[in-house]
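Working notes for the structure below.
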Amino acid sequence: MKHKRAYISPKKHRYRRISRMMLVVLILLLAVLGGIFIKQKREDDAQKAQEAKTAAQTGSDTEPAETESSTKSAEDATQTVQEEQIPQEDANSQQEEEDAGTAGTSVNKDIQTAQNTATEENHKTNGLAICMYHYVYDKDHPPKDKLNSNFIEVHALEEELQYLTENDYYFPTWEEVQKYVEGSLLLPEKSVVLTFDDGAYSFLDLGVPLFEKYQVPVTSFLIGNIDGKKKVKKYASEYMTFQSHSYNMHRGGGNIGHGGIFPVMDHDEAVADLQKSIKIGGNNDAFAYPYGDYNDNCVQAVKDAGFKCAVTTEYGRAKPGDHPLLLPRVRMSMGQSLESFKKLVE
């Protein structure tokens, strides 16, 4: 006896066919996801194995080995605070900035290139001129930007450096400046400190080669968020050190002086900014107040960030008894003669 074949409607047949296709797609999708999971797990296992190997070689299970240059770039205590104060939103860029900032620290350090010859009978008694420059230009190839009193012509700058070297001037480090104003160190009669604010490309391109030519130390107070890490990596020099002009405080928003934002910033926010600038420049020897604006809260933040010295835009020579975080400077202006320069630094 023959059995009749069950009748399946076209609609039901289509439904079964679609169901089978969906099942096949689901199986393929699960297979792909499984493959991705397995691959990721293998990569994670390999990375953990490499980290364990590195930790065993360096003697540490939690921190990567530090290079000699990065170890020397900041005090241990300051380094710890820096790690804690960096805002979370900057975590991704922090490592890049730190790598760039420490890349040139083997030459981007405040070093002494001469011997201090000061004696009790023969030493500087009329105060130390900390010279404040900003920008450099070449009269034969004038810049597109409008010149102002903050510019110095490159040939005039060379005349000044030539005068200083021919007359055996001494260039104190910031540590020596700190000891000098605190009264624990004498400086030779012919002593001077040279600084350029902002870390402008005009100075880096035209000025730094002159300082290298005459082997004269100079400080560049760098604004960290304006190509800071790029400048440190490209322009680090044996005779030029990058110090801090803040990371992102060179902007308006304040209510005193020139209206810089530093005096109205929250303490922790200000300290985090300063320490970020230290990360980029690799030094905490000196700080220049943006626009020269400061109050007691600013000075405390600079101290808490770990700086040895800080300079203002107030006119004068640094003398024993001055606060190391409130040092005056002598402004260098466009068009000044060599004779004027001599009187300013002698």
Side-chain angles (χ1 to χ4, degrees), residues 108 110 127-139 141-143 145-165 167 169-174 177 190-223 226-228 231-232 235-237 239-246 250 258 260 281 283 285-292 309-318 327-346:
N108 181 35
D110 192 27
L128 174 68
I130 303 176
C131 299
M132 177 176 63
Y133 298 84
H134 283 80
Y135 317 120
V136 184
Y137 77 100
D138 186 344
K139 63 183 179 181
H141 304 282
D145 298 334
K146 185 178 180 180
L147 298 175
N148 58 50
S149 61
N150 286 328
F151 280 84
I152 183 171
E153 208 278 325
V154 66
H155 298 93
L157 176 61
E158 181 166 16
E159 283 186 348
E160 294 175 359
L161 297 183
Q162 186 174 3
Y163 167 78
L164 294 175
T165 54
N167 288 273
Y169 265 76
Y170 183 76
F171 306 97
T173 65
W174 288 107
V177 172
K190 293 182 178 180
S191 295
V192 67
V193 175
L194 305 178
T195 71
F196 276 76
D197 285 11
D198 300 347
Y201 280 110
S202 67
F203 160 65
L204 298 173
D205 289 329
L206 296 176
V208 173
L210 289 180
F211 285 91
E212 293 178 334
K213 175 181 178 180
Y214 290 94
Q215 299 182 0
V216 173
V218 62
T219 292
S220 174
F221 285 117
L222 181 69
I223 303 172
I226 303 180
D227 294 340
K231 291 174 180 176
V232 171
Y235 294 98
S237 166
Y239 296 99
M240 187 269 301
T241 56
F242 287 107
Q243 303 289 347
S244 174
H245 203 18
S246 82
H250 209 279
H258 293 86
N283 293 297
D285 301 302
F287 171 74
Y289 293 95
Y291 304 112
C309 296
V311 295
T312 69
T313 57
E314 295 171 6
Y315 185 85
R317 292 171 178 245
L327 300 176
R329 285 190 287 177
V330 178
R331 182 181 290 274
M332 301 287 111
S333 300
M334 184 174 68
Q336 69 184 20
S337 66
L338 181 60
E339 291 302 317
S340 297
F341 173 76
K342 293 177 183 179
K343 293 178 181 178
L344 291 172
V345 299
E346 287 177 350

Side chains of [X] and [Y]: closer than 4.5 Å at any heavy-atom pair?
X: Tyr214; Y: Glu158; answer: yes
X: Asp138; Y: Glu153; answer: yes
X: Leu327; Y: Cys309; answer: yes
X: Tyr235; Y: Tyr201; answer: yes
X: Tyr170; Y: Lys190; answer: no
X: Ile152; Y: Tyr135; answer: no
X: Val218; Y: Tyr133; answer: no
X: Pro143; Y: Leu147; answer: yes

request  = Measure the acute angle between the ring planes of Phe196 and Phe203, then classify it against the limits of 30° and 60° as parallel, tilted or perpendicular.
outcome  =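 The arrangement is parallel - the two ring planes meet at less than 30°.
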
query = Relative to each other, are the rings of Tyr137 and Phe151 parallel, tilted or perpendicular (30° and 60° limits)?
reply =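 The arrangement is perpendicular - the two ring planes meet at more than 60°.
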
Strictly distance-based, threshold 3.5 Å: is any side-chain N or O of [X] a donor or acceptor partner for the main-chain N or O of [Y]?
X: Ser337; Y: Ser340; result: yes
X: Asn108; Y: Gly281; result: yes
X: Arg317; Y: Leu344; result: yes
X: Lys231; Y: Ile226; result: yes
X: Asn283; Y: Asp285; result: no

Looking only at heavy atoms, what is the nearest atom pair of [X] and [Y], with distance?
X: Pro290; Y: Ser246; answer: CG-OG, 3.8 Å
X: Thr195; Y: Cys131; answer: OG1-O, 2.7 Å
X: Val192; Y: Pro172; answer: O-CD, 3.3 Å
X: Ala129; Y: Val330; answer: CB-CG2, 4.1 Å
X: Ser237; Y: Glu212; answer: OG-OE2, 2.7 Å

Gap separating the [atom1] atom of [X] from the [atom2] atom of [Y], nearest 0.5 angstrom:
X: Phe221; Y: His134; atom1: CZ; atom2: NE2; value: 10.5 Å
X: Gln243; Y: Thr219; atom1: CD; atom2: OG1; value: 5.5 Å
X: Glu159; Y: Phe341; atom1: CD; atom2: CZ; value: 10.5 Å
X: Asn148; Y: Met334; atom1: CG; atom2: CE; value: 7.0 Å
X: Phe287; Y: Ser244; atom1: CZ; atom2: OG; value: 5.0 Å
X: Phe211; Y: Phe171; atom1: CZ; atom2: CZ; value: 8.5 Å

inquiry  = Run Thr165 and Val216 through side chain to side chain contact (heavy atoms under 4.5 Å, CB included) and show every step you take.
reply    = CA-CA 8 Å; Thr165 54; Val216 173; 3.4 Å; yes

Sole candidate of Leu164, Val345, Leu157 that passes side chain to side chain contact (heavy atoms under 4.5 Å, CB included) when paired with Leu194 =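 Exactly one pass, corresponding to Leu164.
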
inquiry  = Assess whether a salt bridge exists between Lys342 and Glu160, defined as any Lys/Arg side-chain N lying under 4.0 Å from an Asp/Glu carboxylate O.
reply    =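 No salt bridge links Lys342 with Glu160.
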
ask   = Considering the options Asp197, Thr312, Thr313, which one meets the side-chain hydrogen bond (donor to acceptor under 3.5 Å, both in side chains) requirement together with Arg329?
value =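 Result for side-chain hydrogen bond (donor to acceptor under 3.5 Å, both in side chains) with Arg329: Asp197.
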
task = Could you walk me through whether Tyr163 and Tyr169 pass side chain to side chain contact (heavy atoms under 4.5 Å, CB included), step by step?
result = CA-CA 9 Å; Tyr163 167 78; Tyr169 265 76; 4.0 Å; yes

